[in-house]
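Below is one structure; the comments refer to it alone.
All values below were derived from every heavy atom in this structure, side-chain atoms included, with hydrogens, water molecules and symmetry-related copies excluded. In listed order, ligands and their atoms are each counted from 1. Source: prediction; values computed, not measured.
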Amino acid sequence: MEILQGKNILLGITGGIAAYKTPELVRRLKDHGANIRVVMTEGAKAFITPLTLQAVSGNGVADSLLDTQAELAMGHIELAKWADLIVIAPATADAIARIACGMANDLLTTICLATAAPLAIAPAMNQQMWHAQATQDNVARLAARNVKIWGPGSGEQACGDVGLGRMLDVPELVDLICQHYQAHATSPNKQTTLSGQRWVITAGPTREAIDPVRYISNHSSGKMGYAIAQAAQQAGASVTIISGPVTIVSPKDCNVINVYSALEMHQHALEQAKNATVFVACAAVADYRVSEIAEQKIKKSNVELQLNLVKNPDIVADVAALAKRPFTVGFAAETQDLEKYALGKLKRKNLDMIAANNVATAGQGFNSDNNALTVFSKSKTIELPLTSKEQLAKQLVTLITQQQSKSE
Ligand code: C5P
């Protein structure tokens, strides 16, 4: 963790119960050599005292925009310039809303506007507040501005509710902060964290021929799978896409294997997965194919036409069953009971991670340029709010990398 040595991290604390975890966060970051300055909102001081944060950080705590003494020394502009990363933890719904609107009505929000440093927020709030459309809209706005959204996690909440909204634990936040610096350590444009890794990604729909002119398929555009491929490639991985028929342009520098049917995709996936580090099954594979493809075009008749369908092999489950398997990630596109179905698939297909999205929600999922995901692994749930598929892919690649390194 020498990566944190000498780094200037500004920790913004807002008024949530998870504020009680922040002295521990400061201590762990200082253990790794980071310089920490703390800015607290009025709400934060109701949960934890500035004196505590001053003692653990070894620096004075700033809490007022209009403090004449403070403005003489480390004023808000100086703090904004000093930081090479701003982390707001916990970030309440109110703080998120104010930052999303560009308000500058306290010291912390003013610094957020005045800084050129990257900003990361660790949301923490009641699960209903997290799911509120207003909060989701605000988070999506921040994500679209490249603000890093770390969490929230899921579990029992201080108010007694259970669900998404818990601030990530201190070790998870420390990991994310390290990864942030690692990603920027090599080159600002090209991360090399995945160099030496081989990622295989299935994308797009499959087509199951009925006769020479007709087929069964679905609305998958391939955009999400291609965005993940691009993000992994840009992070330094060597990437192979096994793609069903799509009309979008392949990402630069990825190897693309074009396939048509589920059986073809299955064959190539098993071959490619053998020496892959990560396998991401983003394709919308047709569950069934006709038992016998008609050699000639089926002619219309006045009676009903019956097609006999047989089940296609489950590609991702077969990859996960390989003796030497890659870190295996599935997708679940659902129209209801997202969590129940996604967790069922995680278990049944023996996946390391599953990214679930609600395809019944307008403006996201199939064919759209935007998406939102809930990512489940065996131990945790992370919400990636609505944003462009490109941004979402970068966040998902980071999550996969984190989980993958933990499982090694
Ligand atoms: O079971 P369901 O189709 O909902 O599961 C979705 C996940 O399984 C996706 O990751 C998809 O790519 C993968 N899948 C597969 N082969 C199939 C069906 C789904 O790899 N035949």
Side-chain angles (χ1 to χ4, degrees), residues 199-209 215-229 232 239-246 256-274 276 278-291 309-322 325-360 365-367 371-378 384 389 392-393 396-397 399-400 403-404:
W199 285 45
V200 176
I201 296 159
T202 68
T206 65
R207 282 185 191 167
E208 311 302 325
Y215 56 80
I216 300 169
S217 192
N218 57 63
H219 294 297
S220 171
S221 62
K223 283 179 191 165
M224 192 69 232
Y226 277 45
I228 295 168
V239 178
T240 297
I241 308 172
I242 306 174
S243 176
V246 295
V256 184
I257 301 175
N258 289 305
V259 298
Y260 189 82
S261 66
L263 285 183
E264 275 181 78
M265 187 175 274
H266 183 253
Q267 183 211 326
H268 285 285
L270 287 182
E271 231 166 73
Q272 295 294 323
K274 274 186 209 142
V278 173
F279 182 85
V280 185
C282 199
V285 183
D287 290 322
Y288 295 91
R289 66 181 184 279
V290 294
S291 57
L309 300 180
V310 291
K311 202 142 194 235
N312 272 326
D314 193 311
I315 301 169
V316 74
D318 286 353
V319 167
L322 289 172
R325 59 179 260 176
F327 186 89
T328 309
V329 183
F331 268 75
E334 307 293 346
T335 53
Q336 58 176 348
D337 289 336
L338 195 74
E339 178 161 357
K340 187 176 106 192
Y341 288 129
L343 288 175
K345 284 173 195 177
L346 181 77
K347 204 161 169 218
R348 198 167 58 250
K349 300 186 188 217
N350 192 24
L351 307 176
D352 295 299
M353 200 183 240
I354 191 155
N357 63 324
N358 189 334
V359 284
F366 276 149
N367 253 318
N371 206 0
L373 292 171
T374 310
V375 184
F376 302 91
S377 64
K378 278 162 203 146
L384 300 180
K389 285 186 175 172
L392 202 61
L396 187 63
V397 166
L399 267 186
I400 293 174
Q403 279 298 111
Q404 177 207 3

Of all protein heavy atoms, the one nearest atom 16 (N) of ligand 1 is I315 N, 2.9 Å
Nearest non-hydrogen protein atom to atom 6 (C) of ligand 1, with distance, is F331 O, 2.9 Å
If you count heavy atoms of other groups shown closer than 6.0 angstrom to NZ of K378, is the number above 12? yes
Per-atom filter on ligand 1: closer than 4.0 angstrom to a heavy atom of A283 are 11 (C), 12 (O)
Which of the atoms in ligand 1, numbered in the order shown and given with their element, are less than 4.0 Å from a heavy-atom of V316? 8 (O), 13 (C), 15 (C), 20 (O)
Shortest reach to atom 21 (N) of ligand 1 by a heavy atom, considering only A281, A262, P313, A333: P313
Say whether S261 and Y215, considering side chains only, have a donor N or O and an acceptor N or O under 3.5 Å apart. no
Geometric N/O contact V285 with ligand 1, under 3.5 angstrom: no
Straight-line distance of D318 CG to F279 CZ, nearest 0.5 Å: 9.5 Å
Nearest to atom 3 (O) of ligand 1, what protein heavy atom do you find, and at what distance? D287 OD1, 3.9 Å
Among protein heavy atoms, which sits nearest to atom 4 (O) of ligand 1, and what does the distance come to when rounded to 0.1 Å? K345 NZ, 2.4 Å
min-distance protein heavy atom vs atom 8 (O) of ligand 1 -> K349 NZ, 3.0 Å
Are E208 and N312 packed together at the side-chain level, in the sense that at least one heavy-atom pair is separated by less than 4.5 angstrom? yes
When you look at Q403 and D352, which way does the side chain to side chain contact (heavy atoms under 4.5 Å, CB included) test go after all the steps? CA-CA 8 Å; Q403 279 298 111; D352 295 299; over 6 Å; no
Which heavy atom in F331 sits nearest to a heavy atom in I228, and how many Å separate them? CZ-CD1, 3.6 Å
Closest non-hydrogen contact found for A276 with P326 is O-CB, 3.3 Å
Could you tell me which atoms of ligand 1, counted from 1 in the order shown, lie closer than 4.0 angstrom to a heavy atom of G330? 10 (O)
